[in-house]
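Scroll down for the structure; my scribbles are underneath it.
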Amino acid sequence: MKGAALLTGLRRWLMPRSLRQRLLMFLLAAVSLAAFLQAYSAYRTALAEADQLFDYQMQQMAFSLRGSVAGPGSGTISLPLGEQQSFDFHVQVWSLDGASMFRSPGPWLLPQRAVLGFSDVTDRGRTFRVFSVQTPLQVIQVAQDLSVRQRMASQLAWRTAMPTLLMLPLLGLVVWLVISRSLDPVERVRAQLADRSPGDLAPVPAGDLPSELRPMVQEFNALLGRVRSAFEDQQHFVADAAHELRTPLAALKLQLQALQQGGAAGEPGLKRLEQGIERASHLIEQLLSLARQEGAAAQRALEPLALDALCRQAVADASELGSLRGVDVGLQDCDPAWVMGQPEGLRVLLRNLLDNAIKYSPAGGQVDLSLHATPGEGQVLLLVEDSGPGIPAGERQRVFDRFYRSSASASQAPGSGLGLAIVKAIADRHGAQLRLSQSGRLGGLQVELRLPACEPGALASDQAQLH
């Protein structure tokens with residue numbers, strides 16, 4: 001638990017929620033890393049150059065000592081280093097028999113057996129660079145502590161990186177100001193949204209926004225447009241529903257008052273009251289169904305289903321209503337067909353189509369449903385035909401509007417004008433094409449619905465991959 005909490009805290013510290021802090025942290029980290037790499041590169045370059053320079057000096061010093069050391073028996077040794085010599089270099093001179101002829105002051109003693117040329121020697125925890133040369137009379141060794149070279153290279157690296165490090169606070173201030181100025185449009189959009197009232201769905205101005213922010217604001221404006229359209233549709237729906245409910249409820253109230261006052265015969269008055277309650281119940285049911293199809297229920301994902309099975313069930317359910325009204329409801333053709341859809345939505349669509357066809361067909365009439373699969377076109381064709389009066393060609397588009405009833409059907413049977421509006425909403429949700437025409441076989445209305453088809457084999461394969 002403690003490890004997880006520590007990891008979470010470290011992640012929050014490395015990735016703060018604030019975009020301003022995140023940019024500042026990463027930019028300053030990048031500048032610091034660049035300064036470090038610059039210093040390291042300067043150190044490596046200076047160390048390589050120091051090695052070349054000091055190796056050359058050691059060679060020259062060793063070669064210059066060859067003529068300054070007396071041979072055996074001379075008694076004295078004269079070296080050109082003097083009292084003010086630099087003790088960065090240590091010099092030792094040996095005779096050929098191993099006797100020490102000269103050694104620079106200091107505790108360091110180079111090995112008597114010298115390796116001619118350059119070599120590295122460690123003594124008492126310190127590493128020396130040694131150059132050895134042999135003459136006919138002696139062996140000359142010149143050594144230098146490598147820490148001297150490393151110290152000089154480090155000083156040069158610090159001098160190289162120091163200006164950048166000293167400028168780091170100023171760079172942080174400049175970066176902070178630039179980031180804050182660059183994020184001003186975000187703060188401006190936030191302030192505009194914060195000052196809005198709940199009902200203000202006007203688009204957010206996006207003309208002067210940066211190109212990185214403009215697409216997000218444009219998508220947000222598109223979302224506001226969809227919300228505004230849905231809100232307006234809902235307002236219209238509520239207003240229309242209130243208007244349509246007012247009439248049957250007022251009629252029910254009058255009929256109830258008439259029964260209470262005894263102004264109407266008991267049985268006929270009760271019959272009219274029952275019919276009024278039935279019409280009001282049907283209207284409320286249609287309103288709720290339309291609200292569900294245009295609301296959250298319509299957002300459910302589509303799933304593969306056998307439309308032919310739904311058609312058979314819908315015809316079986318509608319047969320009872322057809323027998324009560326003396327209308328023959330049948331399934332003309334029913335090819336096996338698979339579509340992507342919402343089962344409940346398609347059941348409501350089929351029920352409304354069949355109920356409308358039965359309602360407007362005369363006694364002894366006929367209602368047929370047929371389903372045709374067209375594999376070459378990738379579509380499924382659903383037809384509902386009746387022997388009723390049909391709908392005039394000029395009104396076939398308007399009947400999809402809420403509460404609109406054509407002049408031909410209004411006189412045939414009572415209704416709410418919502419059945420085809422519900423059908424249109426469900427068809428749009430399924431990407432289907434809906435068209436009304438006259439049935440050439442039965443003479444009444446023909447509803448033609450074309451839905452995209454899908455293959456059951458491919459569906460099973462996709463489902464297996466998902467699982």
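The structure displayed is predicted, hence computed values, not measured ones.
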Side-chain heavy atoms of Met216 within contact of Glu219, under 4.5 Å: no
Residues Asp55 and Arg149 bridged, charged N to O under 4.0 Å: yes
Ser154 side-chain N/O to Gln150 backbone N/O, donor-acceptor pair under 3.5 Å: yes
For the student: nearest non-hydrogen atoms of Val423 and Leu349, plus distance: O-CD1, 3.8 Å
Crowding at CD, Gln397 (>12 non-hydrogen neighbours, <6.0 Å): no
Over all atoms of both residues, closest heavy-atom pair of Pro203 and Arg228: CD-NH1, 4.4 Å
Residue pair Met340 / Pro452, side-chain heavy-atom distance below 4.5 Å: no
Inter-residue atom distance Gln366.CD - Leu442.CG, 0.5 Å rounding: 5.0 Å
Inter-residue atom distance Arg226.CZ - Leu201.CG, 0.5 Å rounding: 12.5 Å
Sub-4.5 Å side-chain heavy-atom contact between Glu49 and Thr45: yes
Side chain proximity check, Ile426 to Asn352, heavy atoms < 4.5 angstrom: no
Tyr360 side chain near Asp386 side chain, heavy-atom distance below 4.5 Å: no
Sequence neighbours excluded, every pair satisfying salt bridge (Lys or Arg N to Asp or Glu O under 4.0 Å) that has a member inside residues 433-446: Asp368-Arg441, Glu385-Arg441, Arg435-Glu448
Residue pair Leu382 / Cys311: nearest heavy atoms and the distance that separates them: CD1-SG, 3.8 Å
More than 12 heavy atoms from other groups under 6.0 Å of CZ on Phe36: no
Verdict with reasoning, Ile179 to Leu27, per side-chain contact (heavy atoms from CB on, under 4.5 Å): CA-CA 10 Å; Ile179 292 174; Leu27 286 175; 4.0 Å; yes
Heavy-atom pair with the smallest gap, counting every atom of Val329 and Ser319: O-OG, 4.2 Å
Gap separating the CG atom of Asp355 from the CG atom of Leu350, nearest 0.5 angstrom: 10.5 Å
Pair Ser180-Trp176, side-chain contact (heavy atoms from CB on, under 4.5 Å): steps then yes or no: CA-CA 6 Å; Ser180 299; Trp176 178 271; 3.6 Å; yes
Phe220 and Val189, any side-chain heavy atoms less than 4.5 Å apart: no
His90 side chain reached by Val142 side chain, heavy atoms, under 4.5 Å: no
From Asp428 atom CG to Leu434 atom CG, the distance as rounded to the nearest 0.5 Å: 8.0 Å
Stepwise side-chain contact (heavy atoms from CB on, under 4.5 Å) check, Val339 with Leu305: CA-CA 6 Å; Val339 298; Leu305 54 88; 3.7 Å; yes
From Leu307 atom CG to Arg312 atom CZ, the distance as rounded to the nearest 0.5 Å: 10.0 Å
Phe128 CZ to Ser147 OG distance, which is reported to the nearest 0.5 Å: 7.5 Å
Check ion pair Asp317-Arg351 (N to O, under 4.0 angstrom): no
Minimum heavy-atom distance between Gly388 and Pro362, given as atom pair plus value: CA-CD, 4.1 Å
Side-chain donor or acceptor of Ser361 paired with backbone N/O of Ile358 under 3.5 Å: no
Working for side-chain contact (heavy atoms from CB on, under 4.5 Å), residues Phe131 and Gln144: CA-CA 9 Å; Phe131 179 73; Gln144 185 186 33; over 6 Å; no
Sidechain-backbone polar pair: Arg196 side chain, Ala202 backbone, donor-acceptor under 3.5 Å: yes
Ala453 versus Val380, closest heavy-atom pair with distance: CB-CG2, 3.6 Å
pair Leu156-Leu47: side-chain heavy atoms closer than 4.5 Å: no
